[in-house]
Every structure is written in structure tokens, then in C-alpha cells.
Amino acid sequence: MYIMSAKLTFYISHASSLKDKRQVSRSLIDKAKRRFNASVAEVGTQDKHQSLTIGVSLVSGEAARVRQSLDEIIRFMEEAADAELVHSEYTEDSI
């Protein structure tokens with residue numbers, strides 16, 4: 001079993017409040033959850049209105065498949081977000 005996760009940090013230039021940030025966050029997370037069978041959640045920077053940190057996690061029986069799926073999710077989120085992806089870091093493990 002292969003487990004892979006990514007921590008993505010987005011910059012929301014137009015967000016002037018936490019309410020603006022929540023609109024971007026909810027929209028992006030809901031779209032990703034609906035389209036992919038992955039765990040997606042806001043995992044940090046909740047108190048900063050222009051910074052959004054999202055965690056994505058996948059499990060698969062094949063290493064190549066989990067990596068391909070995670071790359072696809074990240075590309076989708078980059079295109080769907082009303083924000084700029086400024087940093088991403090990956091973690092993988094096998095059991």
C-alpha cells in the first residue's frame with residue numbers, strides 16, 4: 001500500500017478578509033473532493049486572509065498510480081483556484 005500526500009500553499013491576492021479567503025477555500029476544496037477520490041482539507045494558515053494551506057492525501061496499491069493521481073489533483077487545483085500556488089511539498093510512504 002502506498003500513501004502520498006501534498007501540502008499546497010496558495011496566495012490569494014484579492015482577499016481582504018477571512019470571509020474572502022473562506023469563499024476561495026470552500027470552492028476549491030469542494031471541487032477537488034467532488035472530482036477526485038481524495039482527502040482534501042485546509043490544514044494551516046487559518047488566521048491569515050491571503051494565505052491558504054491545503055492538504056491532499058491518497059492511498060493506492062501502486063506507487064506510480066498514487067503519484068500520477070496526486071499530480072493530476074494538483075494541476076486541477078492550480079487551474080481551478082482563484083489563487084496562485086506558491087509552494088508545494090510532497091510526502092510519501094509505503095506499508
Side-chain angles (χ1 to χ4, degrees):
M1 177 169 60
Y2 297 92
I3 304 162
M4 188 164 210
S5 62
K7 183 176 168 184
L8 311 172
T9 304
F10 291 88
Y11 175 67
I12 311 167
S13 62
H14 65 277
S16 58
S17 67
L18 290 175
K19 183 178 178 181
D20 293 339
K21 175 187 173 176
R22 275 193 308 274
Q23 289 175 341
V24 173
S25 173
R26 285 184 186 155
S27 173
L28 185 57
I29 290 170
D30 289 347
K31 287 177 187 176
K33 283 182 174 181
R34 274 194 307 267
R35 183 163 178 160
F36 303 97
N37 187 18
S39 295
V40 183
E42 187 172 355
V43 295
T45 63
Q46 281 94 349
D47 58 342
K48 297 180 181 178
H49 64 272
Q50 290 188 318
S51 182
L52 171 62
T53 305
I54 293 179
V56 180
S57 183
L58 295 167
V59 176
S60 178
E62 301 173 30
R65 178 68 181 136
V66 75
R67 177 64 140 158
Q68 178 186 9
S69 295
L70 190 58
D71 288 343
E72 187 178 338
I73 292 169
I74 292 170
R75 277 193 303 275
F76 171 79
M77 292 180 86
E78 274 186 287
E79 294 171 7
D82 190 14
E84 176 187 358
L85 179 63
V86 293
H87 182 71
S88 61
E89 64 184 79
Y90 295 86
T91 305
E92 59 183 294
D93 196 6
S94 62
I95 297 175

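- Taking CD1 from I73 and CE from M77, the interatomic distance works out to 8.5 Å, rounded to the nearest 0.5 Å.
- Here the closest non-hydrogen pair linking S60 and V66 is CB-CB, 3.8 Å.
- Atoms OG1 and CD, from T9 and E84 in turn, are 11.5 Å apart once rounded to the nearest 0.5 Å.
- The structure places OG of S13 at 8.0 Å from CG of D82, a figure rounded to the nearest 0.5 Å.
- In terms of modelled atom types and a separation under 3.5 Å, the side chain of K21 and the main chain of K48 share a donor-acceptor contact.
- Screening residues 7-59 for ring pair (Phe, Tyr, Trp, His ring centres under 6.0 Å), with sequence neighbours left out, gives F36-F76.
- Separation of atoms NZ (K7) and NE2 (H87) is listed at 7.5 Å; rounding is to 0.5 Å.
- A 4.5 Å side-chain heavy-atom check between V40 and I54 finds at least one atom pair inside the cut-off.
- Contact detail for S51 and T45: the closest heavy-atom pair is O-OG1, 3.2 Å.
- In the hydrophobic clustering of ILVMFWY residues, with side-chain heavy atoms under 4.5 Å counting as a link, L85 and Y90 come out together.
- In the hydrophobic cluster analysis, where Ile, Leu, Val, Met, Phe, Trp and Tyr join through side-chain heavy atoms closer than 4.5 angstrom, Y2 is grouped together with M4.
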### Task
Apply side-chain contact (heavy atoms from CB on, under 4.5 Å) to the pair L70 and E92, showing each step before the final yes or no.
CA-CA 11 Å; L70 190 58; E92 59 183 294; over 6 Å; no
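- Here R67 pairs with D71 under the salt bridge (Lys or Arg N to Asp or Glu O under 4.0 Å) rule; sequence neighbours left out.
- Only one option out of I74, N37, L58 pairs with S69 in a side-chain contact (heavy atoms from CB on, under 4.5 Å); it is L58.
- In this structure, CG on L28 lies 10.5 Å from CD on E78, to the nearest 0.5 angstrom.
- Between the CZ atom of R22 and the CD atom of E42 there is a distance of 9.5 Å, given to the nearest 0.5 Å.
- Taking every heavy atom of both residues into account, G55 and V43 meet most closely at N-CG2, 3.6 Å.
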